[in-house]
Amino acid sequence: MKTLAPFFTSLVVAVWVVAIAILSVQNFEPVSLKFLTFQSIKIPFGIVLAFSAGVGFVGVAILQPLWSLSGSSNSRLEEDAEFFVDDEDF
């Protein structure tokens, strides 16, 4: 399973790149983003989409180690240990 993880990761990234390329070609008109009272300059939709996907990838890569530091990983290991203990009793 560990050998398939890089393949599936590459596959997901490749699908995202292809989707961004198709959408950027089909929607060539410039768009501007509005947030509260702020408004950006007009830039092509594909660049906005690629930038958003890149920020999402980097954000998840930064937050993923923080999720493992939370207490949920210990409780999961304890549940697995209890499951295997039950199998050894029989």
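Every residue two or more places apart in sequence or in another chain that forms a side chain to side chain donor-acceptor pair (under 3.5 Å) with Q39 is listed here: S32. Residues forming a side chain to side chain contact (heavy atoms under 4.5 Å, CB included) with I43 (at least two apart in sequence, or on another chain): I41, V48. In this view, S10 satisfies the side chain to side chain donor-acceptor pair (under 3.5 Å) rule with no residue, not counting sequence neighbours.
Here I62 is tied into one hydrophobic group with V58, each link being a pair of ILVMFWY side chains closer than 4.5 Å.
Note on residues 40-58: no pairs pass side-chain hydrogen bond (donor to acceptor under 3.5 Å, both in side chains), not counting sequence neighbours.
More than 12 heavy atoms of other shown residues, nucleotides or ligands fall within 6.0 angstrom of atom CZ in F57.
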